[in-house]
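A quick write-up on the structure given underneath.
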Amino acid sequence: MYLASVDLGPGYAWCAAFVSWCYQNAGVDAPRSGWVPSYALKDKWIYQRGKFQLQKPQSGDVFLIWYNSVNRPAHIGFVDEWNEDWVISVEGNTNDNGSREGDGVYRKRRLKKQIWVVSNFVRSSDRQVLRTDN
């Protein structure tokens, strides 16, 4: 169902397709794509690890994780709760052992330092600038 929502067949990684399916069903204007880098739109970034933060990430924002092995963001999920050191997330194509090639949709707890970028596709662009290095 997730892969079909982005016109892909079985066998593809589906974390981004899960995000797209959720946004499509919620009526959110976001990429209709199963390709994680599609969500790395700089005009949507509200947080980039160690560089800037425009607003505190909130439930419904998406986070991207950078993988050096493929030199790009290669996993995506939803922020559910943003805390000082960690994030509660909801992710597709994951599992209990942390693989990005998983067997379901899980709520996870990730260290904030794992997050490369958080993008906001849900709220309007009237953002308050908060300068922090979190």
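The first residue in the sequence is number 1, and the count goes up from there.
Taking the six-membered ring for Trp, F63 and Y47 have ring centres at least 6.0 Å apart.
N83 contributes atom CG, which lies 11.5 Å from atom CG of L111 (distance to the nearest 0.5 angstrom). Rounding to the nearest 0.5 Å gives a distance of 10.5 Å between OG of S20 and CG of L3. Rounded to the nearest 0.5 angstrom, Q58 CD and I46 CD1 are separated by 7.0 Å. Atom CE in M1 sits 8.5 Å away from atom CG in N25 (nearest 0.5 Å). How far CH2 of W66 is from CZ of R72: 9.0 Å, rounded to the nearest 0.5 Å. To the nearest 0.5 Å, the span separating CD1 on I76 from CD on E91 amounts to 10.0 Å.
When all heavy atoms of P31 and Y39 are compared, the closest pair comes out as O-OH, 2.8 Å. Nearest heavy-atom pair, Y67 versus A74, reported as atom, atom and distance to 0.1 Å: CD1-CB, 3.5 Å. When all heavy atoms of C15 and G92 are compared, the closest pair comes out as CB-O, 3.4 Å. Here the closest non-hydrogen pair linking S119 and L64 is OG-CD1, 4.1 Å.
Summarising the local packing, CZ of R107 is surrounded by 12 or fewer heavy atoms from other residues, nucleotides or ligands at distances under 6.0 Å. Heavy-atom neighbours of D29 CG from other residues, nucleotides or ligands within 6.0 Å: at or below the threshold of 12.
Residues satisfying the salt bridge (Lys or Arg N to Asp or Glu O under 4.0 Å) criterion with R109, sequence neighbours excluded, are absent altogether.
R110 places no side-chain N or O within 3.5 Å of a backbone atom of V87 that could act as its donor or acceptor partner.
Residues V62 and K44 form no side-chain contact, since every pair of their non-hydrogen atoms from C-beta on lies 4.5 Å or further apart.
Just one residue in the list W14, Y12, Y2 forms a side chain to side chain donor-acceptor pair (under 3.5 Å) with N93, and that residue is W14. V90 pairs with exactly one of V105, V19, V79 by the side-chain contact (heavy atoms from CB on, under 4.5 Å) rule, that one being V105.
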